[in-house]
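Numbering starts at 1 and runs along the sequence shown.
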Amino acid sequence: MTAPEVEITEELVRDLLREQHPDLAGLAISEVAGGWGNQMWRLGDHLAVRLPRTRGAPALLREECRWLPELAPRLPLPVPEPVRTGEPSARFPKPWAVMTWVPGEPLDRTSLRSGGQAADTLAGFLRALHVAAPADGPTNADRGGHPREHADGFDHFFRVVVPDDLAADVRAVWEDAVAAPEWDGPPLWVHGDLHPANVVVADGALAGVIDFGDLFSGDPAWDLAAAWVLLPAGAAAPFFDAYARADEGTIRRARGLAALKGLFLMLMGQNGDRGLPGGKPTWGPAGRAALDRVLRDALT
């Protein structure tokens, strides 16, 4: 992740609100830790300002603002909904948005109390999300393809961070996913980036799903990997029972993608421990736990 071209400060956020949404400019503002493509600021009790800070983030933010109003009403968990848009200006040369705030603690900083309850909740959310997308639904160059299309990324993460004692087993899971059949159904709505920092927890239960910047239409296996990436040990089987729409090939692809995501989270955690740009120290333990579940909770 590169540094933003414009330093995003509280003063800048306040000025942008004064210029384009003055009725919101008097609300309290506080920076929210985390984020990748966007930097987020809490605005009052119920809103958040999201400002892109990476090259590709503006286009993704526009996609969120385009599609979330259509998706949110039928989803059983709270998700961010755009309430205002901000246009590029002399002060900030990118589009930005004011979204609803989804209360809760990100899962990479807390834990789920009940695996069974979380499995049911996540399955219900994904059943509601995974419906046929329209012909003009977004695509994603970085996500959405068959695992074989992402072999270079897997090999890089594997080479850098896989623990020696897990290497053979992780490679076998990935190769099984690569050998699995392709998705042959219609393109479905897919969140695309379900990992512990993109779901929030309240009172030990899943309470919301955030950051739809990688939303795309395609193979639901990319979301079903969350059975291992998000849920506690032993919850993958109840999750797939509750979801009730995944065939064997989809589960095989999902398990391989969960291994890919676990390795990626471990790499970001390693970078965070080293103080490198874009690193996230809390992601490392979450990634290792996901990898352990991938190997322990096999379904096929």
Side-chain angles (χ1 to χ4, degrees), residues 107-108 111-112 114-127 130 143-151 153-185 188 190-196 199 206 218-267 269 283-300:
L107 181 55
D108 62 320
S111 61
L112 293 164
S114 168
Q117 180 188 54
D120 287 344
T121 301
L122 181 62
F125 178 84
L126 292 180
R127 282 199 311 270
H130 290 169
R143 293 175 172 84
H146 190 279
R148 74 172 67 92
E149 299 174 28
H150 300 273
F154 175 85
D155 288 342
H156 171 67
F157 302 148
F158 184 89
R159 185 171 58 253
V160 174
V161 299
V162 72
D164 290 342
D165 59 324
L166 303 184
D169 291 336
V170 171
R171 174 65 69 178
V173 168
W174 178 253
E175 291 180 351
D176 183 63
V178 168
E182 296 192 16
W183 172 248
D184 62 359
L188 305 183
V190 179
H191 177 280
D193 198 23
L194 288 178
H195 62 70
V199 298
L206 284 176
D219 182 358
W222 282 82
D223 280 353
L224 299 178
W228 296 276
V229 175
L230 296 181
L231 299 178
F239 165 81
F240 281 106
D241 287 343
Y243 182 78
R245 297 179 186 171
D247 60 19
E248 179 184 354
T250 300
I251 293 174
R252 290 166 62 193
R253 294 192 307 278
R255 188 170 172 233
L257 292 168
L260 173 70
K261 293 184 179 191
L263 293 173
F264 170 75
L265 291 169
M266 290 174 66
L267 178 58
W283 291 16
R288 175 56 194 260
L291 210 59
D292 288 342
R293 292 190 292 266
V294 164
L295 301 180
R296 183 167 55 242
D297 296 349
L299 303 182
T300 59

Heavy atoms, side chains only, cut-off 4.5 Å: are Leu126 and Leu194 in contact? yes
Going by the rule side chain to side chain donor-acceptor pair (under 3.5 Å), which residues pair with His191 if we only count those two or more places apart in sequence or in a different chain? none
Contact between Asp120 and Phe239 at the side-chain level, heavy atoms closer than 4.5 Å - yes or no? no
Sequence neighbours excluded, which residues qualify as salt bridge (charged side-chain N to carboxylate O under 4.0 Å, His left out) partners of Arg171? Asp155
Indicate yes or no: at least one non-hydrogen side-chain atom of Leu260 is less than 4.5 angstrom from one of Leu257. yes
Heavy-atom closest pair, residues Leu230 and Leu112: O-CD1, 3.7 Å
With Asp219, which residues qualify under side chain to side chain donor-acceptor pair (under 3.5 Å), at least two apart? Arg253
Taken in chain and number order and not counting sequence neighbours, the residues that satisfy side chain to side chain donor-acceptor pair (under 3.5 Å) with Trp283 are Asp108
So Asp169 and Trp174, do their side chains get closer than 4.5 Å, heavy atoms only? no
So Leu265 and Pro196, do their side chains get closer than 4.5 Å, heavy atoms only? yes
Contacts of His130 that satisfy side chain to side chain donor-acceptor pair (under 3.5 Å) - sequence neighbours left out: Asp223, Tyr243
Using the side-chain contact (heavy atoms from CB on, under 4.5 Å) criterion, which residues pair with Pro238? Sequence neighbours excluded. Ala119
All side-chain contact (heavy atoms from CB on, under 4.5 Å) counterparts of Asp165, not counting sequence neighbours: Pro163, Arg288
Taken in chain and number order and not counting sequence neighbours, the residues that satisfy salt bridge (charged side-chain N to carboxylate O under 4.0 Å, His left out) with Asp241 are none
Using side-chain contact (heavy atoms from CB on, under 4.5 Å) as the criterion, list what pairs up with Asp297, not counting sequence neighbours. Trp228, Ala233, Ala236, Arg293
Compare every heavy atom of Ala167 with every heavy atom of Val162, then report the nearest pair and how far apart it is. CG2-CA, 3.9 Å
With a 4.5 Å limit on heavy-atom distance, are the side chains of Arg252 and Pro181 in contact? yes
Any side-chain heavy atom of His195 within less than 4.5 Å of one from Lys261? no
pair Leu224-Ile251: side-chain heavy atoms closer than 4.5 Å: no
Could you pull out all residues at least two apart from Arg148 that satisfy side-chain contact (heavy atoms from CB on, under 4.5 Å)? His146, Val178, Glu182
On a heavy-atom basis, which atom in Ala258 and which in Val294 lie closest, and how many Å separate them? CB-CG2, 3.6 Å
Over all atoms of both residues, closest heavy-atom pair of Ala226 and Leu122: CB-CD2, 3.9 Å
State the NE2-CG distance between His156 and Leu267, to the nearest 0.5 angstrom. 5.5 Å
Check ring-ring contact (aromatic ring centres under 6.0 Å, His included) between Phe125 and all other residues, then give those that pass, not counting sequence neighbours. none
